[in-house]
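Below is one structure, written out as structure tokens; the observations come after it.
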Amino acid sequence: MSGLVSDSWWRKTLYITGGALLAAAAYLLHELLSIRKEQQLDSKDAIILHQFSRPKNGVPSLSPFCLKMETYLRMVDLPYQNYFDGSLSSQGKMPWIEYNYEQVCGTEFIIDFLEEKLGVSLNKSLSAQEQAVARAITTMVEEHLYWTIAYCQWVDNVQETQRMLDLPGPLSDLLKWILCQLTGGIVKREMYCHGIGCFTKEEVYTLMEKDMRTLATLLGDKKYIMGPKLSSVDATVFGHLAQAMWTLPGTRPEQLIKGELINLAMYCERIRRKFWPEWFVDLEDFCYDSDNEASSGTPTCMLDLGLFSRTDTLEESDLSLLSQSNTHSQDSDHSGRSLSDSDIEADGSDVEQQVKGEIQ
């Protein structure tokens, strides 16, 4: 009898102590995340882009949808303000914009809104059939390829992703670990609901490879997806392929895009040079160590940057390749962020909102 009482007492003590520790940890995390002074922004005649904070490795965003939206704004040459507060839209989406006190979320709806309000469009030169093809490509990338890249980023390669996150505070490592674990769980759950999460790891990567090979075939030796001129689908494709190109070192997506599907890498680099001059990329980023058993074990380098111009349709601004690719912009700081960009970064971390919301 005394043994049973003792065992019960230890269990109660363990439960109480564990609960107290969890409550203290939750309270501390809440306090760290809630210490944020919201800045009041005037969106009159100004585009305010809400998105996740910049990662450490110089890539503008680990979210393909945030990168898509900001790249699109640069493609149509619309001035905008970045707001890295991490707060989600009323629909729980990221990114989202404010313009003239109107809020719009969802990249497709944002693009439609800007076309209607400001008269900008990248698709005017496309025929009705070409616009249908562009929409089909967008759907494949955002509703299928996205999940395979997200799986590699937040599940299979989560340790590398964790190192790329940039969160302030003395408990940044702990917060990054919590964020990655929670995000990985959300990705796996949503992949299962989507249907693609029912497959094995090898099957998921097989689907990813098929999508990337499809994009490589559609691109061919053209400058952009639909031909010599930009269209909105290029912002979509770039936002997603950039994750494989620059955020997943040593993984199968990176090896594929920098190896056999070299035209996709050239495509990404072409857009990066043209619309992200402050985004510094070291030449080492164009090499990877192949894990294939047939490999000699030596690094496999991409083609020389000068060979990226595979068509005669490049503008003169694209000819200064090495000067743009190997040196920082004069208006950039050591992190590669443009000093002339009117970015506003709120105090504190966007961890809580990132966990609760969808990345799209």
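Note that this is a predicted model, so its numbers are computed, not measured.
From F238, atom CZ reaches atom OH of Y224 across 11.0 Å, with rounding to the nearest 0.5 Å. The OG1 atom of T236 sits 6.0 Å away from the CD1 atom of I111 when rounded to the nearest 0.5 Å. To the nearest 0.5 angstrom, R270 atom CZ is 7.0 Å from K223 atom NZ. One finds the CD1 atom of I137 at 8.0 Å from the OG atom of S231 (value rounded to the nearest 0.5 Å). For the atom pair E209 CD and T214 OG1, the distance stands at 10.5 Å (nearest 0.5 Å). Here the CH2 atom belonging to W147 is positioned 11.5 Å from the CD atom belonging to E142, to the nearest 0.5 angstrom.
A salt bridge is absent between R272 and E278; no separation between the charged side-chain nitrogens and carboxylate oxygens falls under 4.0 Å.
The closest side-chain donor-acceptor pair between Y72 and D234, if any, does not fall under 3.5 angstrom. Checked by atom type, the side-chain pair T251/N157 shows no donor-acceptor distance below 3.5 Å. Side-chain atoms of W96 and S90 form no donor-acceptor pair, as typed in the model, at a separation below 3.5 Å. Side chains of E70 and Y80: a donor-acceptor N/O pair is present below 3.5 angstrom, by distance only. Side chains of K229 and S125: no donor on one and acceptor on the other come within 3.5 Å.
Residues T247 and L62 approach most closely at CG2-CD2, 3.8 Å, considering heavy atoms. The minimum heavy-atom distance linking A244 with I149 is given by the pair CB-CD1, 4.3 Å. A pairwise comparison of heavy atoms in E254 and L248 identifies CB-O, 3.3 Å as the closest pair. Nearest heavy-atom pair, M75 versus F275, reported as atom, atom and distance to 0.1 Å: CA-CE2, 3.6 Å. The shortest non-hydrogen separation linking F84 to S53 is CD2-CA, 3.7 Å. The two residues I47 and L118 come nearest to each other via the heavy atoms CD1-CD1, 4.0 Å.
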Trace of the side-chain contact (heavy atoms from CB on, under 4.5 Å) decision for M191 with F199
CA-CA 10 Å; M191 285 182 65; F199 301 119; over 6 Å; no
Audit row: D221, N263, side-chain contact (heavy atoms from CB on, under 4.5 Å) steps and yes/no:
CA-CA 7 Å; D221 62 356; N263 65 328; over 6 Å; no
Test W276 against T71 for side-chain contact (heavy atoms from CB on, under 4.5 Å), laying out the working first.
CA-CA 8 Å; W276 293 92; T71 301; 3.2 Å; yes
Full working for salt bridge (Lys or Arg N to Asp or Glu O under 4.0 Å) between E202 and R252:
CA-CA 11 Å; E202 288 301 317; R252 288 168 63 176; 3.1 Å; yes
Under the criterion side-chain contact (heavy atoms from CB on, under 4.5 Å), I'd like the reasoning laid out for I97 against F113: C-alpha separation, chi angles, the key distance, then a yes or no.
CA-CA 10 Å; I97 68 164; F113 174 83; 4.0 Å; yes
Under the criterion salt bridge (Lys or Arg N to Asp or Glu O under 4.0 Å), I'd like the reasoning laid out for E108 against R135: C-alpha separation, chi angles, the key distance, then a yes or no.
CA-CA 10 Å; E108 183 175 356; R135 178 165 177 78; 2.6 Å; yes
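Scored by the side chain to side chain contact (heavy atoms under 4.5 Å, CB included) test, E130 finds L126, S127, M226 as partners (sequence neighbours excluded). In terms of the salt bridge (charged side-chain N to carboxylate O under 4.0 Å, His left out) criterion, D211 has no residue partners (sequence neighbours excluded). Residues passing the salt bridge (charged side-chain N to carboxylate O under 4.0 Å, His left out) test with K201 are D156, sequence neighbours excluded. When the side chain to side chain contact (heavy atoms under 4.5 Å, CB included) test is applied to K124, the partners found at least two apart in sequence or on another chain are S121. Scanning for side-chain hydrogen bond (donor to acceptor under 3.5 Å, both in side chains) contacts around T200 gives E203, with sequence neighbours left out. In this structure, the salt bridge (charged side-chain N to carboxylate O under 4.0 Å, His left out) partners of D173, at least two apart in sequence or on a different chain, are K176.
Although no hydrogens or angles enter the test, the distance criterion places no donor-acceptor pair under 3.5 Å between the side chain of K274 and the main chain of I271. Judged by distance alone, with hydrogens and angles left aside, the side-chain atoms of N123 form no donor-acceptor pair with the main-chain N or O of V233 at under 3.5 Å. Between the H240 side chain and the F65 main chain, no donor and acceptor come within less than 3.5 Å of each other. With hydrogens and angles disregarded, no donor-acceptor distance shorter than 3.5 Å links the side chain of E102 to the backbone of E98.
Within the 4.5 Å cutoff, side-chain heavy atoms of M164 are placed close to those of P249. Looking at heavy atoms from C-beta onward, P95 lies out of side-chain contact with F52 at the 4.5 angstrom threshold. Residues R213 and L256 meet the side-chain proximity criterion, which asks for heavy atoms closer than 4.5 Å. Put simply, the side chain of E116 does not reach to within 4.5 Å of the side chain of D112, judged on heavy atoms. Two residues are said to be in side-chain contact when any heavy atoms from C-beta on lie closer than 4.5 Å; L88 and K93 fail this criterion. In this structure, the side chains of L73 and L49 come closer than 4.5 Å at one or more pairs of heavy atoms. Put simply, the side chain of L179 does not reach to within 4.5 Å of the side chain of Q162, judged on heavy atoms. Within the 4.5 Å cutoff, no side-chain heavy atoms of Q51 are placed close to those of S63.
A single hydrophobic cluster is seen to contain both F109 and L114, as judged by linkage of ILVMFWY side chains at heavy-atom distances under 4.5 Å, directly or through other members. Linking Ile, Leu, Val, Met, Phe, Trp and Tyr whenever their side-chain heavy atoms come within less than 4.5 Å puts I110 and L78 in one cluster. There is no path of hydrophobic side-chain contacts, each under 4.5 Å, that joins V158 to Y146.
The number of heavy-atom neighbours closer than 6.0 Å to CG of D77, taken from other residues, nucleotides and ligands shown, is 12 or below.
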